[in-house]
Each structure stands twice: as structure tokens, then as C-alpha cells.
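So the structure is just underneath, and the comments pick up after that.
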Amino acid sequence: MKIILIILPVISLIFAAINGRMSELSASILGRSGEAVELVISLCGIMCFWCGLMKVAERAGLVEKLARLLSPIVSFLFRNIKKGGRAAGLITMNLAANILGLGNASTPLGIAAMKAISEENNSGEQATDDMIMLAVLNTASLQILPATAAALRAANGAEKPFDILPCVWIVSVYSVTAAMISAKVMGAISRKRGKT
């Protein structure tokens, strides 16, 4: 990723120099940099709101109730973790944060869940099926309330930032289903190859 982030600006500079458009490139860099800062500041408020709401939900016991509700799904998807263990709780909270569309808020929970899975399975640096499933679910990200996407749309002037909900639901269900099936099938193939 570092290499890509270095190569893209270098290529831009080379092509701007070749085509004699260095002034346009520098004007674009300055203008877009300011817009990026404005966007980040406008997103800070909404992210603070949703992260705070998540903390309130956690202290009110709503996250625990959601964890109990999601427990059968977590047990089915993550076969090698202890029921009611630390990893199961962190996975459930991570999934709950993703369902609520709190991408940034779910990241620390996902990292903690990965560490807990690794500790429970004594896997060391090797990725287990459960770790892969968690990464796949985080990437596919089933969302009922896409808070971050709505915040981005509102920051960019959308009158109805949540009018994307039906599309988000359809795409989320499709992507999560495809991702889960792929992870399960690839895990089974990998285990089969390992035995032969």
C-alpha cells in the first residue's frame, strides 16, 4: 500500500511536467487539500455523535442484548471460538458497529477481536478460519444504518443523505452472503488440501 501511495503522486508529477500542466496540478493540490480538511472536520462531529451513541448503547446494555441476539449467528460463523468468551463478545460488538455503519468505531473492536481469536486458538502469526471470516465480514460490512456514508453525503450537500438505504440494504446482503460463502468454501478447500 505504501508503494501505491508513493507511485500515484510521482506518476501525476511526471505527467503534469510532460504535458506542461504543473500550475494546474499545484492549484488542484492546494484546492483539494483544503476541501479534504473541511470534509474531515465536518465528519468529526457525526463520528463523535455515533461513537458516543455506541458508548451509551454499550452502557445501557443494548450492545449486550444485540450480542445475545447475534450469538447464534456468531456461533455458526465462528466455529472455533468459545461460546460467551471474550472473542465472541468482541466479534459481536464489531458486527453490531458494522451493522450500524460505524466503520471507524468498529475498527478497534475488530483488531481486539482478532487478537482475542489468536489467543484463544494459539495460532501465533497464522490466520485461522475464524480470523479470515472476521476480516471478510468487516470488508463486506452488512449495514442497516450507513451512518458514515450518510455523513459523507450530508457533508457534500445531499438533501436526503439516507435516501440510499434500500440500495445499501440490497448490496450489503448480497456482498455479505457472497463473502461468507466464499470464505467457507475456500476454508473447506484449504483444509482438504492440508489433509492430502
Side-chain angles (χ1 to χ4, degrees), residues 1 4-5 39 43 46-47 49-51 53-54 57-58 62-83 85-121 123 125-156 158 161-193:
M1 191 64 161
I4 292 169
L5 292 174
L39 181 61
L43 279 175
I46 195 76
M47 288 310 299
F49 170 75
W50 285 111
C51 289
L53 194 63
M54 192 69 177
E58 191 179 334
L62 295 175
V63 173
E64 191 179 321
K65 286 177 184 172
L66 185 59
R68 268 188 256 131
L69 184 71
L70 293 174
S71 177
I73 297 166
V74 170
S75 297
F76 171 73
L77 293 175
F78 301 91
R79 300 271 181 181
N80 300 317
I81 61 167
K82 296 175 195 167
K83 274 190 177 179
R86 182 171 177 267
L90 287 166
I91 289 168
T92 307
M93 287 175 66
N94 175 258
L95 293 177
N98 273 323
I99 286 169
L100 295 173
L102 308 175
N104 294 343
S106 70
T107 302
L109 293 170
I111 292 168
M114 284 286 189
K115 287 180 182 174
I117 293 169
S118 178
E119 287 167 10
E120 275 189 19
N121 296 328
S123 62
E125 292 187 15
Q126 187 175 0
T128 64
D129 286 350
D130 291 333
M131 293 167 90
I132 292 167
M133 180 60 77
L134 182 62
V136 162
L137 288 176
N138 272 285
T139 305
S141 187
L142 178 63
Q143 293 187 7
I144 292 173
L145 186 69
T148 305
L152 279 168
R153 294 189 75 224
N156 285 295
F162 282 101
D163 64 356
I164 57 169
L165 285 179
C167 294
V168 168
W169 295 335
I170 292 166
V171 171
S172 289
V173 169
Y174 174 76
S175 65
V176 167
T177 303
M180 286 189 307
I181 291 169
S182 298
K184 287 286 186 187
V185 168
M186 296 305 279
I189 291 169
S190 177
R191 280 191 300 279
K192 198 172 183 180
R193 282 184 181 167

State, to 0.1 Å, how close Leu77 and Asp130 come at their nearest heavy-atom pair, and which atoms those are.
O-OD1, 4.0 Å
Restricting to non-hydrogen atoms, name the atom on Phe76 and the atom on Lys184 that form the minimum distance, rounded to 0.1 Å.
O-NZ, 3.6 Å
Does some side-chain heavy atom of Met180 sit less than 4.5 Å from a side-chain heavy atom of Leu137?
yes
So side-chain hydrogen bond (donor to acceptor under 3.5 Å, both in side chains) across residues 162-177, not counting sequence neighbours, yields Arg153-Asp163
Heavy atoms, side chains only, cut-off 4.5 Å: are Leu90 and Ile117 in contact?
no
Rounding to 0.5 Å, atoms CG (Asn138) and CD1 (Ile111) come to a distance of 9.5 Å
Considering all heavy atoms of both residues, which atom of Ala113 and which atom of Leu134 are nearest to each other, and what is their separation?
CB-CD2, 3.6 Å
Would the distance check show the side chain of Thr92 and the main-chain N or O of Ala88 forming a donor-acceptor pair, the cut-off being under 3.5 Å?
yes
Could you pull out the closest heavy-atom pair between Ala87 and Glu120, with the gap in Å?
CB-OE2, 3.4 Å
So how far is it from Met186 CE to Ile181 CD1, rounded to the nearest 0.5 Å?
14.0 Å
Ignoring hydrogens, what is the shortest heavy-atom contact between Met133 and Ala183? Give both atom names and the distance.
CE-CB, 3.8 Å
If we only count heavy atoms from C-beta on, is the Thr128 to Asn80 side-chain gap below 4.5 Å?
no
